[in-house]
Amino acid sequence: MSESQLWDDVDDYFTTHLARDDEALEAALRDSEAAELPRVNVTAPQGKFLQLLAQLQGARTILEIGTLGGYSTIWLARALPADGRLISLEYNPRHAEVATRNIARAGLDKLVEVRVGAALESLPQLADENPAPFDLVFIDADKANNPHYVEWALKLTSVGSLIVVDNVVRGGRVADADSTAPDIQGTRTAIELIGRHPRLSGTAIQTVGSKGYDGFAMARVLA
């Protein structure tokens, strides 16, 4: 058995017993695939992990940067109370259209708002609205802009908020200090920003699974 097959089998086992997709989640994946969206959504165990993080935070407000087909959005929004709010930013209008349908079918359209446009344009507009601080920010968009997203997350959160940055291992390439690839440079800059920022306490975890070798970073906002 290959290593990747083993990772798939373990993910399938965890999904079956701990993070089983229901009809709304399965339909979101089917519709995303039918619309030929990139197959880069989180796995079911990762979605459940995000949901648990939001629940542990007692999150009432969540900001997601990078919606794709809304699969992770559904997991996160299900952690919110009835009067909670999730704002998800998506660059691609077609992705946003698919995600909006998926979210509505899951019965979460009253909690979730998908905003279309470049996140670095949407974030200043959001800040101008002076929203209540977000309890959790999930960053899963273009990796070159990760440091900018972390900086905006800091502006839109408060003490105790949690910031999660997905896909930070990049198959191990994040350790290559000589890489000129924008995704590596952006991810390394974000990691180093978290490490030195006086208002952040963070770490990063390597993972393996159906999406291969990768990982995530998370940081708590301090006083």
Evaluation steps, side chain to side chain contact (heavy atoms under 4.5 Å, CB included), between V42 and F216 | CA-CA 11 Å; V42 301; F216 62 92; over 6 Å; no
Quick one: are W152 and P124 in side-chain contact, heavy atoms under 4.5 Å?
-> yes
Spacing of CE belonging to M218 relative to OG belonging to S201, to within rounding of 0.5 Å | 10.0 Å
T207 side chain reached by V169 side chain, heavy atoms, under 4.5 Å | no
R173 and D183: salt bridge (Lys or Arg N to Asp or Glu O under 4.0 Å), yes or no, with the steps?
-> CA-CA 10 Å; R173 292 183 298 133; D183 64 320; 2.8 Å; yes
Shortest non-hydrogen pair, A28 vs I74, comes out as CB-CD1, 4.1 Å
Here the gap from L25 atom CG to K48 atom NZ, rounded to the nearest 0.5 Å, amounts to 11.0 Å
How long is the span from the CG atom in L50 to the CZ atom in R78, to the nearest 0.5 Å?
-> 13.5 Å
Take R30 and E23 through the test salt bridge (Lys or Arg N to Asp or Glu O under 4.0 Å) and record every step on the way to the result.
-> CA-CA 10 Å; R30 286 198 304 270; E23 176 54 32; 2.8 Å; yes
Salt bridge or not for E192 and R196, using N-O below 4.0 Å?
-> no
hydrophobic_cluster_shared for L76 and L108, side chain cutoff 4.5 Å | yes
Kindly compute the distance separating CG (D135) from OG (S158), expressed to the nearest 0.5 Å.
-> 7.0 Å
Rounded to the nearest 0.5 angstrom, the CG-OG distance for L63 and S88 is 8.0 Å
Has R39 got more than 12 heavy atoms of other residues, nucleotides or ligands less than 6.0 Å from its CZ?
-> no
So do the side chains of T15 and T43 get within less than 4.5 Å of each other, counting heavy atoms only?
-> no
Looking only at non-hydrogen atoms, find the nearest pair between L200 and A219 and report the distance.
-> CD2-CB, 4.0 Å
Same hydrophobic cluster for V137 and Y149, using side-chain heavy-atom links shorter than 4.5 Å among ILVMFWY?
-> yes
Side-chain contact test, heavy atoms from C-beta onward, threshold under 4.5 Å: evaluate it for R101 versus R105 and give yes or no.
-> no
Mind listing the closest non-hydrogen atom pair of G186 and P147 along with its distance?
-> O-CD, 3.1 Å
Nearest-0.5 Å distance that lies between atom CG in L56 and atom CZ in F49 = 9.0 Å
Could you check E129, E64, E121 and say which one makes a salt bridge (Lys or Arg N to Asp or Glu O under 4.0 Å) with R115?
-> E129
Side chain to side chain, N102 and S32, heavy atoms closer than 4.5 Å = yes
Q51 side chain to W75 main-chain N or O, any donor-acceptor pair under 3.5 Å?
-> yes
Would you mind telling me which of N167, D166, T187 makes a side-chain hydrogen bond (donor to acceptor under 3.5 Å, both in side chains) with K143?
-> N167
Counting only heavy atoms not in Y213, do more than 12 fall under 6.0 Å of its OH?
-> yes
Residue that, paired with L89, satisfies side chain to side chain contact (heavy atoms under 4.5 Å, CB included) out of L123, I139, T67 = L123
Is there side-chain contact between Y71 and D21, with heavy atoms separated by less than 4.5 Å?
-> yes
Within a strict 4.5 Å, meaning less than it, do heavy atoms of the H197 and L154 side chains meet?
-> yes
